Peer 1: 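Take a look at this one; I'll ask things after.
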Amino acid sequence: AMCIRIRDKNEFLARVISIKNSCVYDRDGLSSQLIMSGYEKCDMVESEGQFAVRGDIIDVFSPGWDKPCRINFFGDEVESIKFFNPETQLSEDETQDILILPCSEQTGSTNEILARLGDVKNPTAKISSDIEKIENGILHLPMDKHFALSINTTFAFSYIDEDTIIIVDNDKRCMQKMKTVLKEYGTTCEKLLETKSVLPESCKMIAGLFEAMQGRKPNIIIPDITG
C-alpha cells in the first residue's frame with residue numbers, strides 16, 4: 001500500500017468536506033464533490049463509499065464512520081445531521097457537524113487524465129468507454145487503471161512527517177513481498193497493454209519500496225533472523 005501512487009497530500013486534504021448544522025451549502029455542488037471524491041451515487045446507502053440524494057436529504061457513508069449519516073436540508077441550509085442504521089434506514093443519533101473523507105487516495109481532478117486519453121488517435125472501445133465513465137462521474141475502475149497519467153502524484157511516505165520514525169520489520173520478507181507484487185502488477189499491465197486498454201504511461205502505479213520512499217531512509221531496519 002505504501003508503494004501505490006496516490007494524490008498529493010494537500011490535494012487529498014482539500015477533498016475533505018466539512019458539514020455543519022445550520023450552515024448553507026450548494027446541494028448540487030455537494031453531490032459533485034462526493035463523486036469527485038470517489039463516492040458512488042446509488043438509490044440506498046448501505047456501505048462505505050456510497051451516497052444517495054432523495055429530495056431534501058443526502059445520505060452518505062464516509063470511510064472512518066461506524067454508520068452512514070443523513071443530512072436534512074431546508075432549501076440549501078442544513079436542518080439536521082443524523083447517523084442512521086443502514087439495515088433499517090432509520091435515523092438515530094444527531095450530531096452538529098461531520099467530516100466527509102475522500103473514498104480513495106486516487107480521487108481528485110480528472111482533467112489531465114481526460115486530456116491524455118483524449119489525445120489518443122483511434123482509441124480502442126475500452127479507452128473510449130473509460131473516457132465516457134470518467135466524464136460521467138463513474139470513477140472507480142477507470143481511475144485505478146489510468147491514475148498514473150495524473151501529473152501531481154506521490155506515495156504515502158510523503159504524508160508522513162519528517163520527524164516520524166520509520167521501521168522496516170524483516171527487510172528480507174518485505175523485499176520478497178515487493179517483488180511478488182511488482183511481478184503480479186507487471187503481468188496485469190501486459191494484459192492491459194495487449195488489449196490496448198491503457199497507455200504505457202498508465203503502468204506506473206506501483207514503485208519499488210525505496211523508490212516510493214522518495215529519498216527517505218528507514219530509521220530502524222529489523223533484519224530477517226530466520227536464516
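These figures come from a predicted structure and were not determined experimentally.
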Peer 1: Does some side-chain heavy atom of L99 sit less than 4.5 Å from a side-chain heavy atom of I19?
Peer 2: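 No, their side chains stay 4.5 Å or more apart.
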
Peer 1: Within a reach of under 6.0 Å around NZ of K179, are more than 12 heavy atoms found that belong to other residues, nucleotides or ligands?
Peer 2: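 For K179, atom NZ is not crowded (no more than 12 foreign heavy atoms under 6.0 Å).
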
Peer 1: For residues V16 and P102, determine if any side-chain heavy atom of one lies less than 4.5 Å from a side-chain heavy atom of the other.
Peer 2: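 In short, these two side chains touch, coming nearer than 4.5 Å.
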
Peer 1: Tell me whether E211 contacts the main-chain N or O of A207 through its side chain, where contact means a donor paired with an acceptor under 3.5 Å.
Peer 2: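 Not a single qualifying donor-acceptor pair exists.
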
Peer 1: For the hydrophobic clusters of this structure (ILVMFWY residues joined by side-chain heavy atoms under 4.5 Å, transitively), does one cluster hold both I100 and I58?
Peer 2: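 Yes, it is one cluster - the side chains of I100 and I58 are joined through contacts under 4.5 Å.
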
Peer 1: Cluster question for you: counting only ILVMFWY and a side-chain heavy-atom cut-off of under 4.5 Å, with indirect links fine, are I6 and L182 together?
Peer 2: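 In one cluster with I6: L182, no.
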
Peer 1: With heavy-atom distances below 4.5 Å as the criterion, would you say the side chains of F157 and M2 are in contact?
Peer 2: yes

Peer 1: Do Y185 and F155 share a hydrophobic cluster (ILVMFWY, side-chain heavy atoms under 4.5 Å, transitive)?
Peer 2: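 Result: no, two separate clusters.
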
Peer 1: Would you say that more than 12 heavy atoms from the other residues, nucleotides or ligands in this model lie under 6.0 Å from the CG of D43, or not?
Peer 2: no

Peer 1: Look only at the side chain of T88 and the backbone of L90, and say whether a donor-acceptor pair between them is shorter than 3.5 Å.
Peer 2: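 The answer is yes, because a donor-acceptor pair under 3.5 Å joins these two groups.
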
Peer 1: Would you give the length of the straight line joining atom NZ of K145 to atom OG of S202, rounded to the nearest 0.5 angstrom?
Peer 2: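 Atom-to-atom, K145:NZ and S202:OG are 9.0 Å apart.
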
Peer 1: To the nearest 0.5 Å, how far apart are OG1 in T95 and NZ in K82?
Peer 2: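 The distance works out to 12.0 Å.
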
Peer 1: Can you tell if the side chain of I113 reaches within under 4.5 Å of the side chain of S150, non-hydrogen atoms only?
Peer 2: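 With C-beta onward as the side chain, the pair touches.
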
Peer 1: Under the 6.0 Å and 45° cation-pi test, does R70 pair with F83?
Peer 2: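 Not satisfied by the 6.0 Å and 45° rule.
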
Peer 1: Is the backbone N or O of D59 less than 3.5 Å from a side-chain atom of R54, with the two atoms forming a donor-acceptor pair by type?
Peer 2: no

Peer 1: Using the rule that two of Ile, Leu, Val, Met, Phe, Trp, Tyr join whenever any of their side-chain heavy atoms come within less than 4.5 Å, decide whether L199 and I131 are in one cluster.
Peer 2: yes

Peer 1: Are any side-chain N or O atoms of E77 and backbone N or O atoms of F74, one a donor and one an acceptor, separated by less than 3.5 Å?
Peer 2: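 Looks like no, no N/O pair under 3.5 Å.
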
Peer 1: Determine whether a donor-acceptor pair (N or O, by modelled atom type, separation under 3.5 Å) exists between the side chain of Y25 and the backbone of K20.
Peer 2: yes

Peer 1: I'd like to know whether Q50 forms a side-chain contact (heavy atoms from CB on, under 4.5 Å) with V60, so could you lay out the CA-CA distance, the side-chain angles of the two residues, the decisive distance to 0.1 Å, and finally the verdict.
Peer 2: CA-CA 6 Å; Q50 295 179 332; V60 59; over 6 Å; no

Peer 1: Has the side chain of S37 got a donor or acceptor atom that lies under 3.5 Å from a matching backbone atom of Q33?
Peer 2: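 Flag set: sc S37 to bb Q33 pair under 3.5 Å.
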
Peer 1: State whether the side chain of T195 and the backbone N or O of K191 hold a donor-acceptor pair below 3.5 Å, judged by distance alone.
Peer 2: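 Yes; at least one donor-acceptor contact below 3.5 Å.
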
Peer 1: Say you draw a straight line from OG1 of T153 to CZ of R7; how long is it, rounded to the nearest 0.5 Å?
Peer 2: 8.5 Å

Peer 1: Just so I know, are the side chains of K41 and V53 near enough to count as touching, which here means a heavy-atom distance under 4.5 Å?
Peer 2: yes

Peer 1: Would L192 end up clustered with L149 when hydrophobic side chains under 4.5 Å apart are linked, directly or stepwise?
Peer 2: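 Looking at the clustering, L149 is in a separate group from L192.
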
Peer 1: Is a side-chain donor or acceptor of R15 paired with a backbone partner of L101 at a separation under 3.5 angstrom?
Peer 2: no

Peer 1: Can you tell me how far CZ of R27 sits from CG of L30, rounded to the nearest 0.5 angstrom?
Peer 2: 10.0 Å

Peer 1: Report yes if the side chains of F84 and D93 come closer than 4.5 Å at any heavy-atom pair, otherwise no.
Peer 2: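 SC-SC contact between F84 and D93 ruled out.
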
Peer 1: Could you walk me through whether N152 and E11 pass the side-chain contact (heavy atoms from CB on, under 4.5 Å) test, one step at a time?
Peer 2: CA-CA 9 Å; N152 198 18; E11 186 170 352; 4.1 Å; yes

Peer 1: Would you confirm whether Q89, through its side chain, and V45, through its main-chain N or O, come within 3.5 Å as a donor-acceptor pair?
Peer 2: yes

Peer 1: For E87, is the CD atom crowded, meaning more than 12 foreign heavy atoms sit under 6.0 Å from it?
Peer 2: no

Peer 1: Distance from C103 atom SG to F51 atom CZ, nearest 0.5 Å?
Peer 2: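 Going from the SG atom of C103 to the CZ atom of F51 covers 10.0 Å.
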
Peer 1: Would you call C203 and V198 a side-chain contact if the rule is heavy atoms closer than 4.5 Å?
Peer 2: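 Yes - at least one pair of side-chain heavy atoms lies under 4.5 Å apart.
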
Peer 1: Would you check if the side chain of S128 reaches a backbone N or O of T124 as a donor-acceptor pair within less than 3.5 Å?
Peer 2: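 Yes, because the side chain of S128 sits within donor-acceptor range (under 3.5 Å) of the backbone of T124.
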
Peer 1: Would you say S80 and N72 are linked by a side-chain donor-acceptor pair, where the criterion is simply a distance under 3.5 Å?
Peer 2: yes

Peer 1: To the nearest 0.5 Å, what is the distance between NE2 on H146 and NZ on K133?
Peer 2: 9.5 Å

Peer 1: Are D97 and N21 close enough that some pair of their side-chain heavy atoms sits under 4.5 Å apart?
Peer 2: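 Heavy-atom side-chain distance check fails, nothing below 4.5 Å.
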
